Amino acid sequence: FLLFAAVMAAGVMSAQDINKAIELANNGNEAFQMGEYGLAIDAFKSSLAIAEGLGEAGAEHAATCKTAICNIHLANAKNLLKAADYDGAIAKLNETITVAEGYGAAETVADASSLIPNVYMAKGNASLKAKDMADAIASYTKVTELNPANGDAYLRLGRALAASGKVNEAVAAYESATANGEEADAKKQLSNLFLKMAQAKTKVKDYQGAIDNALKANSYLENANAYKIAASSAQKMGNNAQCIEFYEKYLAVKPNAKDAAGVT
């Protein structure tokens with residue numbers, strides 16, 4: 001699309017100034033169409049300088065150039081995001097905000113500001129997929145700082161923290177996800193987290209720890225395997241009454257379990 005398509009009124013301006021400003025603006029359009037953002041900005045800035053030198057007579061053209069410059073910066077940032085250059089996109093969005101504030105372009109400031117959390121979210125998703133948990137944690141944390149009501153960001157932050165062994169932090173993130181519209185998924189993740197901890201406790205023969213974590217898992221979302229771990233752990237501790245109780249709960253949740261005959 002064209003960033004500039006206006007022709008300045010002659011008024012008191014010299015024909016030479018008019019033609020030069022229009023020529024520069026047209027050059028800016030052409031550079032923009034070719035993806036030469038730096039050249040486009042330079043051309044519009046030069047056109048702007050001429051317009052501002054003409055006073056009131058060049059005010060309309062000056063406003064057009066400022067709008068074009070803001071649009072170019074924002075388009076550049078979006079292009080960097082599309083290319084998955086997340087750090088570059090964030091830097092360009094911040095630059096866009098600075099430029100737009102200087103020109104009094106409140107709408108562009110709002111547009112650029114609203115995109116920044118999206119870039120951090122995309123960066124976090126890419127890092128999580130690449131198993132770069134440190135960067136995923138940093139990116140999702142930034143999203144939650146910019147948008148504290150983003151339940152999905154807390155949910156994904158919890159996954160990254162859990163994968164990094166940061167259990168308490170992961171629980172806090174999942175609890176925040178629960179409070180911000182992601183209750184079902186968050187509770188599922190919390191249940192899985194404590195189930196894994198219960199399994200880990202059995203491997204080191206910490207049977208009471210296994211029971212505690214299994215019950216914690218079921219406090220979020222009932223899971224037959226958690227009851228089975230608790231029952232087995234109670235049996236190894238010699239607590240037959242508790243063992244029977246947990247096995248009964250296991251079968252109540254999973255009555256068609258393949259090992260049902262062996263635990264009745």
Side-chain angles (χ1 to χ4, degrees), residues 1-126 138-150 153:
F1 61 94
L2 295 178
L3 295 165
F4 169 78
V7 177
M8 293 186 295
V12 296
M13 296 180 290
S14 71
Q16 184 177 358
D17 286 337
I18 295 172
N19 292 335
K20 184 60 177 177
I22 292 174
E23 179 186 354
L24 286 166
N26 286 333
N27 289 343
N29 267 330
E30 291 176 6
F32 176 75
Q33 297 289 343
M34 296 173 63
E36 298 287 349
Y37 299 114
L39 291 177
I41 289 171
D42 288 343
F44 276 106
K45 281 184 175 180
S46 296
S47 185
L48 172 61
I50 294 173
E52 289 181 328
L54 295 168
E56 185 63 27
E60 184 177 351
H61 182 74
T64 299
C65 288
K66 289 177 181 179
T67 298
I69 291 168
C70 290
N71 288 341
I72 294 167
H73 277 289
L74 189 58
N76 193 359
K78 290 179 178 179
N79 191 57
L80 290 168
L81 173 58
K82 185 178 180 180
D85 182 356
Y86 304 117
D87 291 333
I90 291 167
K92 182 55 66 175
L93 284 169
N94 284 320
E95 183 181 351
T96 300
I97 291 169
T98 299
V99 170
E101 286 176 338
Y103 288 155
E107 186 174 345
T108 302
V109 171
D111 288 344
S113 298
S114 68
L115 279 175
I116 291 177
N118 296 342
V119 179
Y120 278 112
M121 192 71 170
K123 184 181 181 186
N125 292 343
S139 297
Y140 291 135
T141 297
K142 191 67 178 178
V143 177
T144 62
E145 290 172 354
L146 295 169
N147 183 3
N150 191 325

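Along the sequence shown, residues carry numbers from 1. No experiment lies behind these values; they were computed from the predicted model shown.
A distance of 14.5 Å separates NZ of Lys66 from CG of Asn71, quoted to the nearest 0.5 Å. Considering CD1 of Ile90 and CG of Leu80, their distance stands at 11.0 Å, rounded to 0.5 Å. Here Asn79 contributes atom CG and Leu74 contributes atom CG; the two are 11.5 Å apart, rounded to the nearest 0.5 Å. To the nearest 0.5 Å, atom CD1 of residue Ile69 and atom OG1 of residue Thr96 are 12.0 Å apart. To the nearest 0.5 angstrom, Ile41 atom CD1 is 12.5 Å from Cys65 atom SG.
Across Asn147, Thr141, Val143, a single residue satisfies side-chain contact (heavy atoms from CB on, under 4.5 Å) together with Glu145, and that is Thr141.
Of all the heavy atoms in Tyr140 and Ala153, the pair that sits closest is CB-O, 4.0 Å.
Put simply, the side chain of Lys123 reaches to within 4.5 Å of the side chain of Asp87, judged on heavy atoms. The side-chain heavy atoms of Glu30 and Asn27, taken from C-beta on, include a pair separated by under 4.5 Å.
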Under 3.5 Å, which donor-acceptor pairs link side chains of residues 44-56 to any protein atom two or more places apart or in another chain?
| from | atom 1 | to | atom 2 | distance (Å) |
| --- | --- | --- | --- | --- |
| Ser46 | OG | Asp42 | O | 3.1 |
| Ser47 | OG | Ala21 | O | 2.8 |
| Ser47 | OG | His61 | NE2 | 2.6 |

Only pairs under 3.5 Å count here: list side-chain donor-acceptor contacts from residues 108-115, not counting sequence neighbours, and write none if there are none.
| from | atom 1 | to | atom 2 | distance (Å) |
| --- | --- | --- | --- | --- |
| Ser113 | OG | Val109 | O | 2.7 |
| Ser114 | OG | Ala110 | O | 3.3 |
| Ser114 | OG | Asp111 | O | 2.8 |

